[in-house]
Amino acid sequence: MISSIVAILAGLALLAHWLKGRAAEFAHTLAQFDVVIGVVAIVVGVLELLSLLGILLILAGLILSASALRSVPSIGSPLARLGNALDQFRLIIGILILLAGFLSLLSALFHF
């Protein structure tokens with residue numbers, strides 16, 4: 001359930017530039033916390049590594065927290081470069097993780 005919520009928040013933060021209306025206002029508010037959401041997405045994604053949602057969370061986390069990853073000793077620079085390289089797929093990853101988060105949340109709520 002937590003991974004679903006983190007996935008939805010990460011998806012909205014990734015899609016902040018493309019959304020319109022009320023969702024855009026909420027997404028722009030979330031975009032202020034993109035590094036925090038990104039780090040949490042990486043941690044939750046590593047904990048659920050063997051699922052599609054876990055892999056998408058890691059990818060979204062790398063994109064959202066690329067600026068903060070530079071400060072990690074010895075592996076920060078390659079991780080930041082990977083996050084910057086994935087930034088061109090921001091829209092695709094954002095849509096995929098938002099859909100996966102909603103489906104996972106619905107599955108958890110209604111026990112599909």
Side-chain angles (χ1 to χ4, degrees):
M1 183 90 130
I2 294 293
S3 61
S4 304
I5 295 170
V6 172
I8 292 169
L9 291 176
L12 287 173
L14 285 171
L15 296 174
H17 300 296
W18 291 282
L19 295 175
K20 304 268 190 251
R22 242 338 166 198
E25 294 173 16
F26 183 68
H28 285 298
T29 305
L30 277 180
Q32 297 173 0
F33 304 103
D34 60 348
V35 173
V36 175
I37 295 170
V39 170
V40 171
I42 290 174
V43 171
V44 172
V46 167
L47 292 175
E48 295 193 13
L49 186 62
L50 298 177
S51 68
L52 175 64
L53 188 60
I55 293 169
L56 287 172
L57 280 168
I58 291 172
L59 292 175
L62 287 171
I63 293 171
L64 290 172
S65 62
S67 62
L69 290 175
R70 291 191 203 327
S71 63
V72 177
S74 76
I75 61 167
S77 181
L79 286 177
R81 280 196 311 264
L82 179 61
N84 290 333
L86 287 172
D87 195 47
Q88 62 185 343
F89 302 108
R90 187 180 196 107
L91 178 65
I92 296 168
I93 293 172
I95 291 170
L96 288 175
I97 196 164
L98 192 61
L99 287 175
F102 275 129
L103 290 176
S104 176
L105 185 64
L106 287 175
S107 174
L109 289 176
F110 298 114
H111 304 290
F112 286 123

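The structure displayed is predicted, hence computed values, not measured ones.
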Participant: Calculate, to the nearest 0.5 Å, the distance between atoms OG and CG belonging to S3 and L56 respectively.
Facilitator: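 Here the interatomic distance stands at 11.5 Å.
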Participant: Is there a side-chain contact between M1 and L109 in this structure, where contact means two heavy atoms from C-beta onward sitting under 4.5 Å apart?
Facilitator: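 Of all side-chain heavy-atom pairs linking L109 with M1, at least one is under 4.5 Å.
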Participant: Please report the closest heavy-atom contact between G61 and S65, naming both atoms and the distance.
Facilitator: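 Looking at all heavy atoms of both residues, the shortest contact is O-OG, 2.5 Å.
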Participant: I'd like to check the side-chain contact (heavy atoms from CB on, under 4.5 Å) partners of L19; sequence neighbours left out, ordered by chain and number.
Facilitator: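 side-chain contact (heavy atoms from CB on, under 4.5 Å) check on L19 returns L12, L15, A23, A24, A27.
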Participant: If you apply the rule side-chain contact (heavy atoms from CB on, under 4.5 Å), what do you find for L49 with I58, and how did you get there?
Facilitator: CA-CA 8 Å; L49 186 62; I58 291 172; 3.5 Å; yes
Participant: Please report the closest heavy-atom contact between N84 and A66, naming both atoms and the distance.
Facilitator: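 Scanning both residues, the minimum pair turns out to be OD1-CB, 3.6 Å.
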Participant: Please collect all salt bridge (charged side-chain N to carboxylate O under 4.0 Å, His left out) contacts where either partner lies in residues 83-106, sequence neighbours excluded, each pair once.
Facilitator: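 Listed by first then second residue: D87-R90.
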Participant: What is the distance from atom CD of E48 to atom CD1 of I55, rounded to the nearest 0.5 Å?
Facilitator: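 So the gap between those two atoms works out to 11.0 Å.
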Participant: Give the minimum heavy-atom separation between L64 and A13, together with the two atoms involved.
Facilitator: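 Of all heavy-atom pairs spanning L64 and A13, the closest is CD2-CB, 4.1 Å.
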Participant: Which heavy-atom pair separates L53 from G101 by the least distance, and what is that distance?
Facilitator: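 So the two residues come closest at CD1-N, 4.2 Å.
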Participant: Going from CG on L79 to CG on L62, what distance comes out if it is rounded to the nearest 0.5 angstrom?
Facilitator: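 So the CG of L79 and the CG of L62 are separated by 6.0 Å.
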Participant: Group every Ile, Leu, Val, Met, Phe, Trp and Tyr by side-chain heavy-atom contacts under 4.5 Å, then state whether L52 and V6 land in the same group.
Facilitator: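 Yes, because L52 and V6 connect within a single hydrophobic cluster, where side-chain heavy atoms sit under 4.5 Å apart.
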Participant: When rounded to the nearest 0.5 angstrom, what is the spacing between CG in D34 and CD1 in I63?
Facilitator: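 D34 atom CG to I63 atom CD1 measures 11.5 Å (nearest 0.5 Å).
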Participant: How far apart are the closest heavy atoms of L9 and I37, and which atoms are they?
Facilitator: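 Here L9 and I37 meet closest at C-CG2, 4.2 Å.
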Participant: Starting at CG of L59, measure out to CG of L82 and round the result to the nearest 0.5 Å.
Facilitator: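 Nearest 0.5 Å value for the CG-CG distance: 8.0 Å.
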Participant: When hydrophobic residues are tied together by side-chain contacts of less than 4.5 Å, even through go-betweens, does L30 share a cluster with V39?
Facilitator: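 No, separate clusters.
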Participant: So how far is it from S104 OG to I2 CD1, rounded to the nearest 0.5 Å?
Facilitator: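 So the OG of S104 and the CD1 of I2 are separated by 11.0 Å.
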Participant: With sequence neighbours left out, write down each residue that passes side-chain contact (heavy atoms from CB on, under 4.5 Å) with F102, or none if nothing qualifies.
Facilitator: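 Residues passing side-chain contact (heavy atoms from CB on, under 4.5 Å) with F102: I8, L98.
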Participant: Applying the 4.5 Å side-chain criterion to the ILVMFWY set and letting contacts propagate, would V46 and L57 be lumped into a single cluster?
Facilitator: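 Linked within one cluster.
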Participant: Using every non-hydrogen atom in the two residues, find where S67 and V35 come nearest and quote the distance to one decimal.
Facilitator: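 Heavy atoms of S67 and V35 come nearest at OG-CG2, 3.7 Å.
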Participant: Would you say F26 and I95 are hydrophobically clustered, going by side-chain heavy atoms of ILVMFWY under 4.5 Å?
Facilitator: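 Yes: a chain of side-chain contacts under 4.5 Å links F26 to I95.
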